[in-house]
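One structure is given below, encoded as structure tokens.
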Protein chains: 2
Amino acid sequence: MQVQTRAEKLKLASAARREQGKLELKRQILEAAAHLFSTNGYEDFSLRQVAEAIGYSPTTIYLYFKDKEELLFVMAFEGFRGFGVALQHAYDSAPPAERIWHIGRAYVDFALANPVQYRLMFMQRSDYLARPAPECYTDFIDSFGVVTKAVAEAMKRGEIKLRDPQETATLLWVNVHGLASLVLTNSHLTPENIEPLFHWMMQMLQREMSV
Amino acid sequence: MQVQTRAEKLKLASAARREQGKLELKRQILEAAAHLFSTNGYEDFSLRQVAEAIGYSPTTIYLYFKDKEELLFVMAFEGFRGFGVALQHAYDSAPPAERIWHIGRAYVDFALANPVQYRLMFMQRSDYLARPAPECYTDFIDSFGVVTKAVAEAMKRGEIKLRDPQETATLLWVNVHGLASLVLTNSHLTPENIEPLFHWMMQMLQREMSV
DNA sequence: TGACAAGATTAACAGTGTTAAGTAAAATTG
DNA sequence: CAATTTTACTTAACACTGTTAATCTTGTCA
């Protein structure tokens with residue numbers, strides 16, 4: 001490998017700077033989109049409004065996202081990313097014996113703290129879950145995998161009964177998702193008054209896993 | 001009250017016939033809409049396509065439904081109606097001691113048999129649940145009420161532990177909805193292979209309610 | 001017959017996603 | 001430094017969408 005000439009270096013630097021600018025605008029689009037999405041809702045979310053919000057012409061967005069669908073997908077995917085981080089954090093920060101409980105807590109808390117995103121991710125466009133991640137999102141945490149891991153390890157430690165970890169994790173998932181989506185749906189269930197139900201549910205699961 | 005003249009009778013009959021015709025066209029619109037909805041999906045569902053399908057101009061639909069939103073709502077509501085009927089049937093046709101189990105079964109079966117409607121009702125447009133029923137849909141079964149009733153009666157009979165029936169019903173609901181929506185979302189879970197999970201889940205709930 | 005009402009249509013508007021052609025400025029090259 | 005190419009963006013246009021107002025048609029009634 002030979003050293004580059006000064007001109008070549010400059011060229012690369014400038015290219016990098018421009019690339020940086022592109023990334024920043026992409027970021028800006030995503031921010032405006034997320035904001036409009038959370039205020040207007042899924043139904044009234046429009047590309048043209050996003051464009052207007054950032055002061056660009058509508059077609060500019062197509063230079064950064066293939067189409068509306070992809071912009072929405074990336075928004076959902078940022079949700080999946082944050083969601084995965086939250087579950088992983090719960091896994092990491094809890095004593096092994098309490099991991100499952102903490103993950104359940106983190107799951108529900110995420111839904112309550114990010115209702116708009118949660119709805120998009122798991123209710124309105126749950127089909128996105130089947131889609132492969134967009135390129136450049138390689139450092140992606142498999143949320144369900146976190147649960148499965150916690151379950152499998154608890155089994156290995158003998159804290160819960162030996163079963164198919166995947167199936168056990170699914171039963172957990174069914175419960176936390178069921179509760180979360182019910183709270184986001186039913187006005188009688190509020191973030192405050194679900195606490196007893198959440199505790200009951202988690203205790204039931206814990207008991208069930210032990211037996 | 002005096003007898004009507006022949007002319008008055010005719011008038012009424014003709015008015016009734018026309019009213020009948022209106023109802024039939026409304027029915028026709030709903031059928032075409034349901035069909036297009038289930039083939040094209042929520043995103044690509046359009047009034048103009050519905051109009052074309054039944055051979056009317058787009059604006060005709062506005063003579064029968066206030067707007068697209070109401071047509072969609074009525075479609076969802078027909079789903080709620082069928083859903084309520086299914087749960088009620090499960091309630092009626094099962095021996096008292098097995099009612100809860102049967103209702104759970106009916107819940108999940110409905111979701112698997114009517115995935116498109118279920119998605120609309122409880123995932124894509126779960127906000128419809130908070131909306132009051134459209135007039136003329138007065139004979140409406142409160143699905144959650146069926147569960148609550150079954151639970152309350154099982155408590156009275158001493159089959160399950162005394163608790164807040166509403167909260168117990170909610171825990172049941174959380175589970176069946178969680179499972180149903182997961183199956184409709186996750187391609188790894190299919191109507192065939194969830195049977196073990198369903199049984200495990202229901203047994204867990206039954207155990208939990210007894211303790 | 002002529003007035004009237006009901007049911008449907010046409011035309012139009014505003015807004016949407018999306019594509020192709022055009023433009024101005026910046027970067028690159030000889 | 002001038003010429004050329006690339007880049008980032010815009011304008012114009014198309015094919016849709018939901019929705020409204022005005023119009024037409026047709027059978028009903030006095």
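Throughout, a chain's letter reflects where its sequence line sits, starting with A, and its residues are numbered from 1.
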Q) What does the inter-axis angle of the helix from C:dT1-D:dA30 to C:dG30-D:dC1 come out as, five pairs per end, nearest 10 degrees? A) 30°
Would you kindly give the [atom1]-to-[atom2] distance between [X] and [N], to the nearest whole Å?
X       : N      : atom1 : atom2 : value
B:Leu47 : C:dT16 : CG    : P     : 17 Å
A:Asn40 : C:dT16 : CG    : P     : 10 Å
A:Leu23 : D:dA8  : CG    : P     : 11 Å
B:Arg48 : C:dT16 : CZ    : P     : 16 Å
A:Asp44 : C:dG15 : CG    : P     : 13 Å
B:Tyr42 : D:dG18 : OH    : C1'   : 13 Å
B:Phe65 : D:dT19 : CZ    : C1'   : 16 Å
A:Ile61 : D:dT11 : CD1   : C1'   : 16 Å

(Q) Side chains of A:Tyr128 and A:Glu69 only: does a donor on one sit below 3.5 Å from an acceptor on the other? (A)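 Per modelled atom types, A:Tyr128 and A:Glu69 side chains form a pair under 3.5 Å.
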Q: Check the side chains of B:Ser181 and A:His177 for a donor-acceptor pair under 3.5 angstrom, ignoring hydrogens and angles.
A: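 Judged by distance alone, the side chains do pair up.
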Q: Would you mind classifying the nucleic acid contact of A:Leu63 as base, sugar-phosphate or nothing, using non-hydrogen atoms under 4.0 angstrom?
A: base
Picking from [options], which would you name as closest to the side chain of [X]?
X       : options               : result
A:Tyr62 : C:dT18, D:dT20, C:dA8 : C:dT18
A:Thr60 : C:dA8, D:dT10, C:dT18 : D:dT10
B:Ser57 : C:dA8, C:dT9, D:dT19  : C:dT9

OP1 or OP2 of [N] less than 4.0 angstrom from a side-chain nitrogen or oxygen of [X], does that happen here?
X       : N      : value
B:Gln49 : D:dT17 : yes
B:Tyr64 : C:dA8  : yes
A:Ser46 : C:dT16 : yes
A:Thr59 : C:dT19 : no

Q. What do you reckon, is CD of B:Glu195 surrounded by more than 12 foreign heavy atoms closer than 6.0 Å?
A. yes
Q. A:Phe80 and A:Phe122: aromatic ring centres closer than 6.0 Å?
A. yes
(Q) With a 6.0 Å cut-off on the ring centroids, do B:Phe65 and B:Phe73 count as close? (A)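 Ring centres of B:Phe73 and B:Phe65 not closer than 6.0 Å.
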Q) Does a salt bridge link B:Lys26 with B:Glu70, judged by any charged N lying under 4.0 Å from a carboxylate O? A)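 Answer for the salt bridge query: no.
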Q. In Å and rounded to the nearest 0.5 Å, what is the NZ to CG distance from B:Lys149 to B:Leu87?
A. 12.0 Å
